[in-house]
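Have a look at the structure below before the remarks.
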Amino acid sequence: SSGINAEYGYLMKKNPRKIAWTVLYRRKMKKGTEQDVAKKRARKTTKFQRSIQGATLENILAKRNQKPEVRKAQREQVIRSQKEKIKAKKEAKSSNKKKTDTKAVRAAQKKINKANTKSKPGRTGVMM
């Protein structure tokens with residue numbers, strides 16, 4: 001009997017959630033479930049601090065509690081030292097360049113270039 005009703009409902013494209021005696025209707029309307037179980041309460045998330053790689057918790061807290069002026073001074077000092085390093089590197093590079101960039105080296109390179117251009121074979125008599 002219910003099987004026939006279900007079949008006819010299906011063939012007529014009835015939504016089983018709207019037909020009162022179906023399981024889907026009873027589930028939707030929460031019929032026949034046990035007494036209202038109190039909803040499980042979600043735990044409130046709590047903030048938890050922990051150390052990260054390369055910095056212990058004490059270091060992190062100390063940095064956070066520093067005065068902004070102190071932190072700013074430290075930052076500027078680090079930037080200054082980095083700039084000096086870069087400057088020193090550039091000077092070393094330029095002095096190296098001056099040593100190697102002499103007239104003698106240039107003349108030797110010219111000779112090599114001339115020799116290379118002379119030794120190239122000509123393309124006379126090449127058939128395609």
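The chain is numbered in sequence order, starting from 1.
- Cluster note: Leu24 groups with no other residue, as no ILVMFWY side-chain heavy atom lies under 4.5 Å from it.
- Hydrophobic clustering, defined by side-chain heavy atoms of Ile, Leu, Val, Met, Phe, Trp and Tyr closer than 4.5 Å, groups Met29 together with Tyr25.
- With sequence neighbours left out, Leu11 forms a side-chain contact (heavy atoms from CB on, under 4.5 Å) with Glu7.
- With sequence neighbours left out, the side-chain contact (heavy atoms from CB on, under 4.5 Å) criterion links Lys14 to Met12, Ile19.
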Would you give me the side-chain donor-acceptor pairs under 3.5 Å for residues 64-77, sequence neighbours excluded?
residue: Arg64; atom: NH2; partner: Gln49; partner atom: OE1; Å: 3.4
residue: Asn65; atom: ND2; partner: Leu61; partner atom: O; Å: 3.1
residue: Arg71; atom: NH2; partner: Lys63; partner atom: O; Å: 2.9

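- Listed by chain and residue number, Ile52, Ile60 satisfy the side-chain contact (heavy atoms from CB on, under 4.5 Å) test with Ala55 (two or more places apart in sequence, or in another chain).
- One finds the CZ atom of Arg27 at 10.0 Å from the CZ atom of Arg17 (value rounded to the nearest 0.5 Å).
- Annotation: side-chain contact (heavy atoms from CB on, under 4.5 Å) contacts of Lys44 (sequence neighbours excluded): none.
- For the pairing with Arg80, the side chain to side chain contact (heavy atoms under 4.5 Å, CB included) check across Gln82, Lys83, Glu84 returns one residue only, Glu84.
- The hydrophobic cluster containing Ile86, built from Ile/Leu/Val/Met/Phe/Trp/Tyr side-chain heavy atoms closer than 4.5 Å, comprises no other residue.
- Note that OG1 of Thr22 and CG of Asn5 are 11.5 Å apart. Values are rounded to the nearest 0.5 Å.
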